[in-house]
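Below, chain A is the first sequence line, B the second, and so on; all start at residue 1.
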Amino acid sequence: MITHKNSLNQLVILSGKGGTGKTSLAASLMYLSSKSQFQGVFVDADVDAANLALVSQAVPIESHIFMGSQCAEINTEKCNQCDRCFEICRFNAINRPDIGRDFYAVNDLLCEGCAACFHVCPQAAIQMNKQQDGEWFHSTSPYGHLYHAELFPGAENTGKLVTTVKQHAKLYAEDHDIPLVIIDGPPGIGCPVISASAGVDLALLVAEPSVSGIHDLERISAMLKHFNIAILVCINKADLYPEGTQAILQLAKDHGYPIAGKISFDDVVPQAIVKAQPVSQFAPNSRAAKEIELIWKQIKKVIFKKDGEL
Amino acid sequence: MILIISSQGRTLDSKPNPRFGRAPIFIRYNLESDAWVALNNPAVTEQGGAGVAASQFIIDQGVSDAISGNFGPNAYQALKTAGVLMWSFNQDYGTVQAVIDAYVHSELKQINHPG
Amino acid sequence: MKIAIASGKGGTGKTTVATSLADALASSFSINFFDCDVEAPNAHLFLNPDLKDIKPAVIPIPVINDEACSACGLCVNVCQYHALAVIQGKVLVFPQLCHGCGSCTLNCPERAISERERDIGRLYFGKTSTGISHYMGMLTVSEPMPTPIIHQLKASMQEHADITIYDSPPGASCAVVATTYDADYVLLVTEPTPFGLHDLKQMLGIVKQLNAPAGVIINRQGIGDKRVENFLAQSPYPILMTIPHRIEIAAGLASGRLLTKILPAYRHQFIALYEKIAEQVNVNQENR
């Protein structure tokens, strides 16, 4: 992986498993960054379940339509019901005539826009329509600028929308000499996660000390290793299941991943979310907030010390 | 020798864009004649496979050397197969002209594996 | 009866609910359990099936016969995903971009394209000690597309069962559609927070398009506020169950124990839940 030796640094927050606390932590890091010498631009890359704007008092200043895939449409007047489209569609997206409907129709949800039916139809009765698959936003917040998106329900999450918000955030940061981009990542290991991780300097893994959390941590760290991305681990809800925390510490040790810190299972965390604020702002003297500050300290050390060596 | 440099804008003073597949503009520069032209990247609005589409486009332009920040695995494979040499501007050069000068002075790093 | 368990937001308790429901119903019904979260499957950690690797999950990709190929470029134009390119008179295939649609193969005028199956993951099957048939799919690390694996996982079903449970991945994108589209009922699990509400609405966007009956379980009641309840009160979706936020539940789940084992009273609750679901499905079918 070629890393850019320029002044911009990108951090992505991932976990594998959903619900480990990425967004909550991202919000607190936004707050801490804004109070430090390392200002940031922020990205919510979890485009089909975008929550960061909800806890950062984000106000959109620009919105953009996102055109993603195509969807096939059958012109019932031209269609002679030859069934060729049904035969070749590999995604079960062609509905044959049925009770209550005596014509062929495309199932919008299942159609993947491959256009195989478009090409095979002897009557040229099928057209491909470009779909609006979502929207993306450039917002301001008390902590800095935020780029986020809303993928429409059921749309294909190919990573293009993730890449779009990331790129715009990066451009903004470069244009305004802002040294840091923090990306709140999606769960899983597939395409949107791959896009969220592309070109970053560091991945912060938020681990949950549960059997599920550990299993998925192995998967996401294998994915990041495949793409040669540096890893830092923090453990959220650390006192929930001590054996689990031990297992994560061992895993990190075995793979050589540094530990950025631990966050205790603290009621102020959900309380802060309900109040639409980062924990670090809502309850700065709480245990969780202090632990998050230590994690931020480690992040600064790893990222900005690297720059200092140039 | 024909270079392309992935760019943010349409002139030699424009900022280079480090992502090959999704850069809005390619500056096509003829080193022998110093003639150059700004081309729109057809891949920039594509849903997926931007690296492939962009590579196909510049290969069809008869380019010998491609210069960008990094090249994804698909672009790398396509360009390598086509015999196009790849170079990285691995620091902030500020303008497309500065990147060209760096290339001429052998300051750019040649890419031998996908990024 | 096919029940899909989904949420929108990650970590709300889909797998907790799906596995508990399966466990509670296993003594009275034959169960097919499909763990459709193929990027990060976890249900097997709770149900403990004797899983065996059955076969690879594959995607058919084009293979070009260079001798027959005239480099006409039609395949490149037909492909909507730029998975093909013509370079110096030869066609190059980019496997990870390919969606396996077969369009290039069908349209090649020289018939120079055939297909081969490319591995993108694995399909597993096993039975639990309570007789549940457990199907699990796993996406190979670094592969981008989970959706084909979900379809193949469902197709790998060996025998019909009284009740089929689909444990869905998080989010509201096409992988969730692939999991839920053929369900008779969608059971949504949410948490009483702004995140839970926002992502529940995303998921309801899919439910509406599916035109399937649905109901909601509020998990970790107590960590948030009443916004989800208030929203649902104005909607056609009933709240079927509430699970309180209790450390002993969270800790028990963290260690890999089923909710129905941590608190056996939940067995009855999940059986009652199923009866409510069955009733809603019957009413829905009568109204069609």
Can you say whether [X] sits under 4.5 Å from chain C via the side chain, the backbone, both, or neither, judging by heavy atoms?
| X | result |
| --- | --- |
| A/N157 | both |
| A/P209 | backbone |
| A/A155 | backbone |
| A/N92 | side chain |
| A/F265 | side chain |
| A/I189 | both |

| Taking only residues two or more places apart in sequence or in another chain, which ones pass side-chain contact (heavy atoms from CB on, under 4.5 Å) with C/C75? |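 Residues passing side-chain contact (heavy atoms from CB on, under 4.5 Å) with C/C75: C/L84, C/V91, C/C104, C/I113.
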| request: Could you pull out all residues at least two apart from A/T163 that satisfy side-chain contact (heavy atoms from CB on, under 4.5 Å)? | output: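 Residues passing side-chain contact (heavy atoms from CB on, under 4.5 Å) with A/T163: A/Q167, A/S195, B/R19, B/R22.
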Which atoms of [X] approach chain A - backbone, side chain, both or neither, heavy atom under 4.5 Å:
| X | answer |
| --- | --- |
| C/P146 | neither |
| C/N107 | side chain |
| C/V176 | neither |
| C/S7 | neither |

Heavy atoms only, distances under 4.5 angstrom: which of [options] has the most pairs with chain C? Name it, please.
| options | answer |
| --- | --- |
| A/D267, A/D133, A/I88, A/V211 | A/V211 |
| A/G244, A/P187, A/G113 | A/G113 |
| A/M223, A/K237, A/E112, A/K17 | A/E112 |
| A/E150, A/Q271, A/E208 | A/E150 |

| task | Apply side-chain contact (heavy atoms from CB on, under 4.5 Å) to the pair C/V141 and A/K225, showing each step before the final yes or no. | result | CA-CA 10 Å; C/V141 166; A/K225 209 164 169 190; over 6 Å; no
| Partner chain A: residue of C/M138, C/E191, C/K14 with the largest heavy-atom pair count (under 4.5 Å) |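 Among the listed options, the one with the most contacts to chain A is C/M138.
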Hey, what do you get for [atom1] ([X]) to [atom2] ([Y]), rounding to the nearest 0.5 Å?
| X | Y | atom1 | atom2 | result |
| --- | --- | --- | --- | --- |
| C/L45 | A/S212 | CG | OG | 5.5 Å |
| A/T158 | C/H99 | OG1 | NE2 | 7.5 Å |
| C/I247 | A/L240 | CD1 | CG | 6.5 Å |
| C/L197 | A/L54 | CG | CG | 9.0 Å |
| C/F195 | A/S24 | CZ | OG | 6.0 Å |

Considering non-hydrogen atoms only, spot the tightest contact between [X] and [Y] and give its length.
| X | Y | result |
| --- | --- | --- |
| A/A50 | C/H198 | O-CE1, 3.1 Å |
| A/R90 | C/G100 | NH1-O, 2.9 Å |
| A/D48 | C/S173 | OD2-N, 3.2 Å |
| C/G8 | A/A49 | O-CB, 4.0 Å |
| A/R219 | C/L139 | NH2-O, 2.8 Å |
| A/F91 | C/C101 | CE1-CB, 3.9 Å |

| query | Does A/C114 offer a backbone N or O that forms a donor-acceptor pair with the side chain of C/Y81 under 3.5 Å? | reply |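 Checked: pair present.
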| Flag, side chain of A/H215 to backbone of C/P41, donor-acceptor distance under 3.5 Å |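 Judged by distance alone, yes, a pair lies under 3.5 Å.
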| By number, which residues in residues 200-209 of chain C have some heavy atom less than 4.5 Å away from chain A? |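 The residues closer than 4.5 Å to chain A, in numerical order, are C/Q202, C/G205, C/I206, C/Q209.
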| request: Return each pair, listed once, that meets salt bridge (charged side-chain N to carboxylate O under 4.0 Å, His left out) where at least one residue sits in residues 35-44 of chain C; pairs must be two or more places apart or across chains. | output: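 Listed once each, the pairs would be none.
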| said: Run C/Y181 and A/L109 through side-chain contact (heavy atoms from CB on, under 4.5 Å) and show every step you take. | reply: CA-CA 8 Å; C/Y181 82 96; A/L109 266 185; 5.6 Å; no
